[in-house]
**Student:** 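Below is one structure. I have some questions about it.
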Amino acid sequence: MHFSEKVTLLGAGRAETGVLTEALMFAPRLVAADGGAKNAVKIGQMPDFVVGDLDSVDARTLAKIPADRLIRVTEQESTDFEKCLSLIDAPLILAVGFLGGRIDHQLASFNALTRHEGPPVILLNARDLCFHLPSDLTLRLGAGTRVSLFPMAPVTGRSDGLKWPIGDIAFAPAGRIGTSNISTHDSIRLRMDGPGMLAIMPRAALGEVVRCLAP
C-alpha cells in the first residue's frame, strides 16, 4: 500500500472519536487493522484498506466494505499491527486504537514500534503519544512539558533542555528508565547512540512531533 499522504492506522482497541478525528486531520488516509474496521464503520468512516487475517471483523461490517479494500494476511506469526506496518509505505503513520485495553496487546505494540524499520509511527490515545526516537531529534514543546523515556533495549544518549539530563546514563528495560522528565526550555534536543528508546509525551505535542518526524 503506497500513499503520498500520511496514514491513520486504526486498531480494534479503544479509539475515542475525538482522537481519531484529530489523527485524520494530520494523516487523512485511513487503514484499519482487522477489527479496527468495526471502529471505523461505527463512526461513519470508510477505510481505504482493511488489513489482517480478518478473524476479528464481523460479517455485517465486512459487508459494508468493498471487497477490493480487504487485504487478507493469514500468517499467525505477527500481530495485525505488525502486518499493517509491514505493508504501509507512507510519510508517517498515526496509530489509534493500540494503547490501553489489554496489557499484552499494548506491550506488543511497543515491541513492534521498536523493531519497525519503515516510516515513522506515532501511537496515540486520548492522553498520550508514543514513538521510537530517531538518532537526533529537536522538538519545540514549550517549558514544563512531560517527556518520559522508556528503553526497549540497552541504549544511551544525550539531551539538551531537560530537567534531568540523560548523558552518561545506561538505560535498559530492566534497569534505568526515564519516566516523567520535564522540558525546561522552549525546545529540547535528544540524541540517541542507538535504537530502542521510546518517547512518551502529552497528546498536545502531536502537531510538533508530526512536524519533526515527517516534515
**Student:** For Lys38, look at atom NZ and say whether over 12 heavy atoms of other residues, nucleotides or ligands are found less than 6.0 Å away.
**Tutor:**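 Count not over threshold, so no.
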**Student:** More than 12 foreign heavy atoms under 6.0 Å from CZ of Arg127: is that the case here?
**Tutor:** no
**Student:** More than 12 foreign heavy atoms under 6.0 Å from CG of Asp168: is that the case here?
**Tutor:**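 Counting neighbours around CG of Asp168, 12 or fewer heavy atoms of other residues, nucleotides or ligands fall under 6.0 Å, so no.
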**Student:** Would Phe3 and Leu85 show up in the same hydrophobic cluster when neighbours are defined by side-chain heavy atoms closer than 4.5 Å?
**Tutor:**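 Phe3 clusters together with Leu85.
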**Student:** Check whether any side-chain heavy atom of Ser159 lies under 4.5 Å from a side-chain heavy atom of Leu190, and answer yes or no.
**Tutor:**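 SC-SC contact between Ser159 and Leu190 confirmed.
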**Student:** May I ask you to say whether Arg60 pairs ionically with Asp58, meaning some side-chain N is under 4.0 Å from a carboxylate O?
**Tutor:**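 A salt bridge is absent here (no side-chain N lies under 4.0 Å from a carboxylate O).
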**Student:** Is the CZ atom of Arg203 crowded by more than 12 outside heavy atoms at less than 6.0 Å?
**Tutor:**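 Enclosed: over 12 neighbouring heavy atoms sit under 6.0 Å from CZ of Arg203.
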**Student:** With a 4.5 Å limit on heavy-atom distance, are the side chains of Thr61 and Val50 in contact?
**Tutor:**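 No, side chains not in contact.
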**Student:** Please say whether more than 12 non-hydrogen atoms of neighbouring residues, nucleotides or ligands are located less than 6.0 Å from CZ in Arg140.
**Tutor:**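 Incorrect, the count does not exceed 12.
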**Student:** Would you say the side-chain atoms of Gln106 and Ser109 include a donor-acceptor pair closer than 3.5 Å?
**Tutor:** no
**Student:** Parallel, tilted or perpendicular: which describes the rings of Phe81 and Phe98, with under 30° parallel and over 60° perpendicular?
**Tutor:** tilted
**Student:** Is the number of heavy atoms from other residues, nucleotides or ligands under 6.0 Å of Met46 CE greater than 12?
**Tutor:**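 Correct, the count exceeds 12.
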**Student:** Of all the heavy-atom pairs spanning Ser4 and Pro91, show the shortest one and how long it is.
**Tutor:** O-CG, 3.3 Å
**Student:** When hydrophobic residues are tied together by side-chain contacts of less than 4.5 Å, even through go-betweens, does Met152 share a cluster with Val147?
**Tutor:** no
**Student:** Can you tell if the side chain of Phe131 reaches within under 4.5 Å of the side chain of Leu137, non-hydrogen atoms only?
**Tutor:** yes
**Student:** Just wondering, more than 12 heavy atoms not from Arg14 lying within 6.0 Å of its CZ?
**Tutor:**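 For Arg14, atom CZ is not crowded (no more than 12 foreign heavy atoms under 6.0 Å).
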**Student:** Decide yes or no for Ile177 and Pro151: does some side-chain heavy atom of the first lie under 4.5 Å from some side-chain heavy atom of the second?
**Tutor:**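 Contact flag for Ile177/Pro151 side chains = yes.
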**Student:** With a 4.5 Å cut-off on side-chain heavy-atom distances among I, L, V, M, F, W and Y, is there a chain of contacts connecting Leu198 to Ile166?
**Tutor:** no
